[in-house]
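For reference, the structure discussed in these notes is given below.
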Amino acid sequence: MLDTLSKFKNLKQSEELVLAYHGIITESLTNNLLTLAENKLAMVEYNSRIKKKVFNILVEVLQNIYHNQEDIKNSKEPFQEIMIMVVKNPTSYEIISGNYINQNNIEHLKKRIKEINQLSNDELRAKYRSKLDEGVFSEKGRAGLGIMDMVRKSGQPLDFDFKSINEDYAYFSLQVNIKH
């Protein structure tokens, strides 16, 4: 079970916290976090391919969080809080996030992540291209490529968990591993 809060509290000595944020997310804060992450990655990672991969996946994670927040923007303030961390360890980077989501969205999201996690690289590439070619967007203007992009760019399945908070909300934890 993935627990973002305990991960934050129990970082190992061999792990380096590149970026951490806990609080309410806005568009301008998202841009500031990305700028901060880009600058910090420039200091800790010399391989430009890895640096770009980590940054691009972080963009996807933050966009997904930001879009999920749209669904709960009328909730009480504690449910607006998110957590995001970028951790460097000896073999990989971990992008770990946590945010509240509407209980009604859990089954769809769980099914989607599990489905994408099970695809081979070739199947994932084909599905991604098919989605791009369709050009179909949801009522929110999204094509549903974010999860596919994270798996495609990381080359690893996503680790995730949902923890029910009350009848309306759950806490969604996500971890993306990027080997270096």
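Computed from heavy atoms alone, side chains included, the values below leave out hydrogens, waters and symmetry copies.
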Do the rings of Y169 and F79 sit parallel, tilted or perpendicular, given the 30° and 60° boundaries? parallel

Just by modelled atom types, is the E115 backbone N or O under 3.5 Å from a matching donor or acceptor in the Q118 side chain? no

Set out, in order, the CA-CA distance, both residues' side-chain angles and the distance that settles side-chain contact (heavy atoms from CB on, under 4.5 Å) for L62 and I84, then state yes or no. CA-CA 8 Å; L62 284 170; I84 186 91; 4.3 Å; yes

Assess whether side chain to side chain donor-acceptor pair (under 3.5 Å) is satisfied between D168 and N166, documenting all intermediate values. CA-CA 5 Å; D168 296 322; N166 63 27; 5.2 Å; no

Looking at P157 and N117, what are the two nearest heavy atoms and their distance? CA-OD1, 3.2 Å

Passing option when E94 is tested against V176, V87, V54, D159 for side-chain contact (heavy atoms from CB on, under 4.5 Å): V87

Atom CG of N121: over 12 foreign heavy atoms under 6.0 Å: no

From L119 atom CG to K127 atom NZ, the distance as rounded to the nearest 0.5 Å: 6.5 Å

Do F160 and F172 make a side-chain contact, defined as non-hydrogen atoms from C-beta onward lying under 4.5 Å apart? yes

Start with the C-alpha gap between E45 and Y93, add the side-chain angles, then the distance that decides, and say whether side-chain contact (heavy atoms from CB on, under 4.5 Å) holds. CA-CA 10 Å; E45 182 57 56; Y93 282 89; 2.8 Å; yes

Quick one, Y66 with E27, criterion side-chain contact (heavy atoms from CB on, under 4.5 Å). Give me CA distance, side-chain angles, the key distance, then yes/no. CA-CA 8 Å; Y66 187 75; E27 190 172 346; 3.8 Å; yes

Atom CG of L174 and atom CD1 of I113: how far apart are they, to the nearest 0.5 Å? 6.0 Å

Run the side chain to side chain donor-acceptor pair (under 3.5 Å) test on T35 and E38 for me, step by step, so that the C-alpha distance in whole Å, both residues' side-chain angles and the decisive distance to 0.1 Å come before the verdict. CA-CA 5 Å; T35 300; E38 191 172 34; 5.4 Å; no

Any side-chain heavy-atom pair from N105 and H108 closer than 4.5 angstrom? no

Strictly distance-based, threshold 3.5 Å: is any side-chain N or O of S130 a donor or acceptor partner for the main-chain N or O of A126? no

Evaluate the side-chain proximity of K52 to N56: yes if any heavy-atom separation is below 4.5 Å, no if none is. yes

Given side chains that start at C-beta, do those of L29 and L33 come closer than 4.5 Å, heavy atoms only? yes

Any side-chain heavy atom of L34 within less than 4.5 Å of one from V59? yes

Contact between L109 and I147 at the side-chain level, heavy atoms closer than 4.5 Å - yes or no? yes

Rounding to 0.5 Å, atoms CE (M150) and CG (L58) come to a distance of 10.5 Å

How long is the gap from CG on L158 to CD1 on I57, to the nearest 0.5 Å? 9.0 Å

Does K88 use its side chain to pair, donor to acceptor, with the backbone of V44 at less than 3.5 Å? yes

Measuring from Y46:OH to K51:NZ, what's the distance to the nearest 0.5 Å? 9.5 Å

Run the side-chain contact (heavy atoms from CB on, under 4.5 Å) check on Y100 and N68 step by step: do they pass? CA-CA 8 Å; Y100 295 94; N68 281 332; over 6 Å; no

Side-chain donor/acceptor of H180 to backbone N/O of S92, under 3.5 Å: yes

F162 and K110, any side-chain heavy atoms less than 4.5 Å apart: yes

Heavy atoms of K131 and L145 approach each other most closely as CB-CD2, 3.4 Å

First locate atom CD of E81, then atom OH of Y171, and finally report the distance between them rounded to the nearest 0.5 Å. 8.5 Å

I'd like to check K40 versus L19 (side-chain heavy atoms, cut-off strictly below 4.5 Å). Are they in contact? no

